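What you see is a predicted model; the values in this text were computed from it and never measured. The chain is numbered in sequence order, starting from 1.
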Amino acid sequence: MTPKPAGPPDGGWGWVVAAAAFAVNGLSYGLLRSLGLALPDLAEHFDRSTQDTAWVSALALAVQQAASPVGSALSTRWGARPVVMVGGVLTSLGFVFSAFARSLLHLYLGLGVLAGSGWALVFAPALGTLSRYFSRRRVLAVGLALTGNGASSLLLAPTLQLLLDTFGWRGALLVLGAITLHLAPCGALLRPLVLPGDPPAPPRGPLAALGLGLFARRAFSVFALGTALVGGGYFVPYVHLAPHALDRGLGGYGAALVVAVAAVGDAGARLISGWLADQGWVPLSRLLLVFGALTGLGVLAVGLGCRGALLAAAGAYGLSAGSYAPLVFGVLPGLVGVGGVVQATGLVMMLMSLGGLLGPPLSGFLRDETGDFTASFLACGSFILSGSFIYMGLPGALPSCPPASPSRQATPPPERGELLPVLPVSLLSSGGPRSTLDTTC
């Protein structure tokens, strides 16, 4: 038998896992962000409204996130490696099937259901596995993996526009099907890691496998509610930033430039935010609150920005949204412990799917009613701000205690609560889900 390591290696093969998670994120969310460039072509080809075509991306987002707990449960039972490889094949088949679509229903089934199901099997297992490989540099590693979103958008946005101009939307989807097949070898790199504290056997029963008992923890429930509201607006720019730029008269490549600028800001901010969070200077929950609110303000700026200011507004949105992203997943080990991080990741994705399903169609509906995307981005920015304010209920989100003297400060356990370095507050005790202490001074 292979002896269990004393803790996460905090490096080594973990960096290979980080590279695999980087590619997984780029070929899922990065591709979804760029897919909005194809929506005008789909609306024109099928003679349907913006709201109708928005359901293609909305369904893909919703299925990917709603089914993420299933991916987490399968990963807990069978391991992340085979689950991610199967998910990569399903995603590729979804794009290939959609290339031969004769109606929007075929696209709903191909991109929305089939590709979305494949994405559901890859993201949560990959990110959860990465979190198990790191301790002190965990948020930085997560931030590095999540830069795949921005880097992929930077490359795929102009590439997809070129494919659309050269081969049309059918040929573009076929090429994307070949590209997404690379998710399978990424899954092969996810080497299993056994850590102290892991359960001796996989959880039995569907509720235990899905990790629904985590909602018994007050801190996780507050976090879940806030994240669900943020999801109502967070993904709207993924779908409608490019069409919004087209409405402002920037043209196809101008819209691609707007998406690319947001992607660059997003990618750079994820690394900086991850590094900052790992320093422990500011409680992670407070960073989550601040950058969540800034993301909402960034979406408002994109909606109000005129043609000349849209590029700057997109950059500001990318910086704030990129800073927020690694904090959402980096906070989970501090809330539920490293043993439950894979299940918690799937649950967070499921909660965000509620907003991901409603946000883009609502945005498309408001665009059809008002003639532009201004009201759409204003409404969705309000969702993000509302969710950010919910984070005030997290331990350490608001300053309430004077700084403790150095002699009173204790080093938190390396696998429990170190990401929320507010020493008077205990996020997780050893007694189980119902023993979380939410104390104050």
Side-chain angles (χ1 to χ4, degrees), residues 25 29-30 32-34 36-37 143 146-158 226-227 229-250 253-277 282 286-328 355 359-360 363 366-367 372-389 391:
N25 191 52
Y29 283 105
L32 271 170
R33 173 177 286 183
S34 303
L37 291 168
L146 293 181
T147 57
N149 186 331
S152 176
S153 298
L154 178 63
L155 295 175
L156 285 178
T227 304
L229 285 173
V230 169
Y234 188 84
F235 297 105
V236 169
Y238 280 51
V239 180
H240 285 148
L241 180 58
H244 178 52
L246 292 173
D247 280 356
R248 289 288 196 259
L250 292 179
Y253 288 97
L257 178 62
V258 170
V259 174
V261 167
V264 170
D266 186 295
R270 292 180 185 221
L271 287 176
I272 296 174
S273 174
W275 175 83
L276 176 63
V282 182
R286 196 172 303 167
L287 290 175
L288 190 70
L289 166 63
V290 170
F291 286 121
L294 290 176
T295 302
L297 294 176
V299 173
L300 296 180
V302 169
L304 295 173
C306 60
R307 177 178 178 179
L310 186 57
L311 207 60
Y317 156 75
L319 288 171
S320 55
S323 299
Y324 170 82
L327 302 175
V328 173
S363 175
L366 292 175
R367 195 270 182 197
D372 58 36
F373 284 101
T374 300
S376 303
F377 281 89
L378 293 181
C380 296
S382 301
F383 277 116
I384 299 176
L385 288 174
S386 300
S388 300
F389 292 145
Y391 291 147

Regarding Tyr29 and Ser152, do their side chains bring together a donor and an acceptor under 3.5 Å, going by distance alone? no

Is it true that Tyr234 and Tyr324 have ring centroids separated by less than 6.0 Å?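 Aromatic pair counts; centres sit under 6.0 Å.
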
Donor-acceptor pair, Ser273 side chain versus Ser323 backbone, under 3.5 Å? yes

Arg270 side chain vs Leu146 backbone, donor-acceptor pair below 3.5 Å: yes

Considering all heavy atoms of both residues, which atom of [X] and which atom of [Y] are nearest to each other, and what is their separation?
{"X": "Gly265", "Y": "Leu319", "answer": "O-CD2, 3.5 Å"}
{"X": "Val236", "Y": "Ser363", "answer": "CG1-OG, 3.7 Å"}
{"X": "Ala242", "Y": "Leu37", "answer": "CB-CD2, 3.4 Å"}
{"X": "Ala262", "Y": "Tyr317", "answer": "CB-CD2, 4.3 Å"}

In a check of side-chain contact (heavy atoms from CB on, under 4.5 Å) between Val261 and each of Val258, Val264, Leu257, which one passes? Leu257

Would you indicate whether Phe291, at its atom CZ, is surrounded by more than 12 heavy atoms from other residues, nucleotides or ligands within a distance under 6.0 Å? yes

Starting at [atom1] of [X], measure out to [atom2] of [Y] and round the result to the nearest 0.5 Å.
{"X": "His240", "Y": "Asp247", "atom1": "NE2", "atom2": "CG", "result": "9.5 Å"}
{"X": "Ser376", "Y": "Leu366", "atom1": "OG", "atom2": "CG", "result": "4.5 Å"}
{"X": "Ser34", "Y": "Leu241", "atom1": "OG", "atom2": "CG", "result": "10.0 Å"}
{"X": "Phe373", "Y": "Leu246", "atom1": "CZ", "atom2": "CG", "result": "9.0 Å"}
{"X": "Leu297", "Y": "Ile384", "atom1": "CG", "atom2": "CD1", "result": "9.5 Å"}
{"X": "His244", "Y": "Leu310", "atom1": "NE2", "atom2": "CG", "result": "5.0 Å"}

Assess the residue pair Phe377 and Leu300 against the criterion (side-chain contact (heavy atoms from CB on, under 4.5 Å)); give the C-alpha distance rounded to whole Å, side-chain angles, the decisive distance to 0.1 Å, and a yes or no. CA-CA 6 Å; Phe377 281 89; Leu300 296 180; over 6 Å; no

